[in-house]
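Because only heavy atoms are used, hydrogens play no part in the values below, and waters and symmetry mates are left out as well, while side chains stay in. A note on names: the letters A, B, ... follow the listed sequences, proteins ahead of strands, and every chain is numbered from 1.
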Amino acid sequence: MIINSSNKIEKMDEDLISLESFTFLCFTAIFFVIDMVTPLEINIGVLYSLPVWASLFLGRSHQLLKLTAVLALFFIILGAFVSLGEITLSIFLNRLFSCALILITYYLCQIFKRGLIQKMQFEDRFFAALESTPAGVILIDMSGKIVVSNSALNVLFEYTEIELSLLSFEALIPNEVKQKYSYLVSKFLANPKGNIISDELEIFGKAKSGKLIPIDVALNLIESNGESFVIATVTDITNRKENFRLMREKNKKLEQSESEKAELIKELKSLNIKNKETISLLEAIREHAAHALISTDLNGLITSFNSSAEKMLGYKASELIGKENPGKFHDVQEVINRSAEFSEKLEEEIEPGFKTFVCHTNLGLENEFEWIYVNKTGVKFPVLLTVSSLFDEEGRLSGYLGIAQDITKTKEVARKLEQSNEELAQFAYRTSHDLKAPLATMKGLIGFVKEDLESGDIDEVNLNLREIENQVEKLTKLVVGILNLAKGDLQECSYELVNTYYLLNKLKESLDLELKQKDVSFTFKTDRELFVYTQELRIEQILYNLVLNSIKYSDSNKEIKFVEICFEISEVVKIKVCDNGLGIPLKFQDKLFEMFTRFHPNQAEGSGLGMSIVKKNIEALGGEISFLSSEKGSEFEILLPIKEKL
Amino acid sequence: MNQGNYSVMIVDDQKPDRYLLKRYLKKMNHTGHIFEAENGESALDLFLNFEKSKNEFSDDFPPMIIFLDINMPFLNGFEFLDAFSKIRESHPSLKSSVIMMFSSSHSSSDKEKAFSYSFVKDFITKDEISSETIKEKIHKILEP
């Protein structure tokens, strides 16, 4: 391969001048000898022009051309002078013509030479540039023969220049991929524009040792003197490939982490959305919950206090958050009692305080208990409190949430229910007892009546028969009383306008016998035209039982015995029943309305249901009853709401 | 102990029931003294005024068997049992008195409640009473 810079070219030229000049001098001298031995008339100029032409192609510089031309001219002229004889016109013209020919040749050659030198210089520079390229460059003709290659390529493929010049480019291609190459080359030739063919394909070159070299090949088609060549720039990409591989790996990792990151972000976003939804939902729940929601940190410091809690306890959230412990609104004594109770139950010392509220939660046990809350003004009320754990994002215990429900009403309802259940149980018990008892007595009495009849003890028979009669009467009263009570409980009577005067007269008539027996006077005060819009049967039941009690428990020690009813209508219907009877013993007054209660068992027979019947009917009318009683007598006051009759 | 010569007490608000029980006792040749009380309160008075009763009735007091009704006004059978168990603590001679419930109640909770007192020895329901049953039960108590 030519490894010349332009400076080198000139230096070599200088070296060559002497040798070439000498050669040309020799040739010219030979021509001069030929010139001398041939007749001078023969145009020898043509002969002399030959070295000039030769110097054009052989010589590298103008000097040689000039030298050759000057020598030729010198010999032509010399030939004329050294020729024997005189210089004939034909000889002179011959010499002149020869000189002209040499000069013309010289000028022509000079012109050619300039172009040639330029071309050669260009080629030299081109090859120099080629050499200095770090990439391997190879020029291949269309038959596949390697024309030129630079040393970078030689080094890469481990060949010498001469070895390469004897090879076809196929020698540089691994056998396995020859087909692929020829496809690529044909594809390139079909559209021969600067083309890198190995960008994404894996292309390998085969070195002399058979080693595969990953390469990058750029192909270019060049035309020279009607001939086409392919110039291929071959770059060793071993390092690049390694780098690329590493980069790919990195990228892959990066991509992976990117995709993971994207996934994470997506997840976070959705979580965030969910979170936001949850938060807003929670906030809505917290603010609008009917229950008090109170959260605390691990030490019990209040961290949130919703509006229901504010309403329930009378404290503002701002008064408590970050300042107080829920103990603030608990009943102190209860907390102390509970902590003792819990300590025993959980077999763990629990100090009275916040720990008392959360100890069950901390042990993973259900924590729902009734507590007494004390509101800001000191009023106590029962709540059902559920305490659960709160966790942060990492799942660590971060605090507690207490949900408290005011159960005052629930408790009241439960109490009433319990009471009515108790009443019912009592009723069932007493009913079965009181119905059975006289039957058992009668059975016993009848047994003795039979015996007495047999033994002829007629007095005893009569006595017991009277007793049986009493028992029957007693039983009858009881049955009637139970039926009336059931009526008061179950029967829905209709409201109607009731004339009080007529009502009280009717009552007096129905009690006439009892009044006479006990010598009790019955008076009433009402307007003849006073009407009450009420349920007549219930009013009747109420007044009948009250007046009957007054008659039964009249005080025989008093000279005048009376019972009086007053009817008044103002904002409510007010009915007063007064008597001067025995009165209700003080210690039994709170049991007055209980069923089967009798305080003067010796005074009169009774079912013990009278006052229960009174109370049931008053309740059914939406009214209330109160009384004052002493040994001087009793006074009942009944208040009934006015039902307007349009 | 002399056959039939032991004092008893009948605490019942129902006069005919007291009458019936007295006749059953008479039928089984009971000759001892019979205390009668028409409710728990008046029965209790007899024991509360222990010394006075002792003086008045000498050996007849305290009664050996107390027939006790449950449903009575003022102080019912259970309230009486409660009060009686307290009096019993301070009067050792009362320890020989035993109680036989005498009620028309068939309620098992009533029976349970009554038998929770160690001195309640039996329970007669009024509708199953006959001279035979009462004889049997009294014998069981007196001659175990």
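- With a 6.0 Å radius and a threshold of 12 heavy atoms from other residues, nucleotides or ligands, B:Asn55 has its CG atom above the threshold.
- No more than 12 heavy-atom neighbours from other residues, nucleotides or ligands sit within 6.0 angstrom of CD on A:Glu624.
- Annotation: side chain of A:Lys436 is in contact with side chain of B:His106 (closest heavy-atom distance under 4.5 Å).
- Taking CD from A:Glu467 and CD from B:Gln14, the interatomic distance works out to 8.5 Å, rounded to the nearest 0.5 Å.
- Residue-environment remark: CD1 (A:Ile458) exceeds the threshold of 12 foreign heavy atoms within 6.0 Å.
- Salt-bridge check for A:Glu451 with B:Arg23: passed, with a basic side-chain N closer than 4.0 Å to an acidic carboxylate O.
- By the 4.5 Å heavy-atom criterion applied to side chains, B:Glu128 and A:Lys443 are not counted as neighbours.
- Within a 6.0 Å radius of NZ in B:Lys113, no more than 12 heavy atoms belonging to other residues, nucleotides or ligands are found.
- The aromatic rings of B:Tyr19 and A:Phe448 sit perpendicular to each other, their planes meeting at more than 60°, with 30° as the lower class boundary.
- When heavy atoms are compared at a cutoff of 4.5 Å, B:Ser105 approaches chain A by way of both its backbone and its side chain.
- Residues A:Thr441 and B:Leu20 come closest through the heavy atom pair O-CD1, 3.4 Å.
- Other residues, nucleotides and ligands place more than 12 heavy atoms under 6.0 Å from the NZ atom of A:Lys558.
- Heavy-atom contacts from other residues, nucleotides or ligands closer than 6.0 Å to CD of A:Glu631 number 12 or fewer.
- By number of non-hydrogen pairs under 4.5 angstrom with chain A, the leading residue of B:Lys126, B:Lys27, B:Lys15 is B:Lys27.
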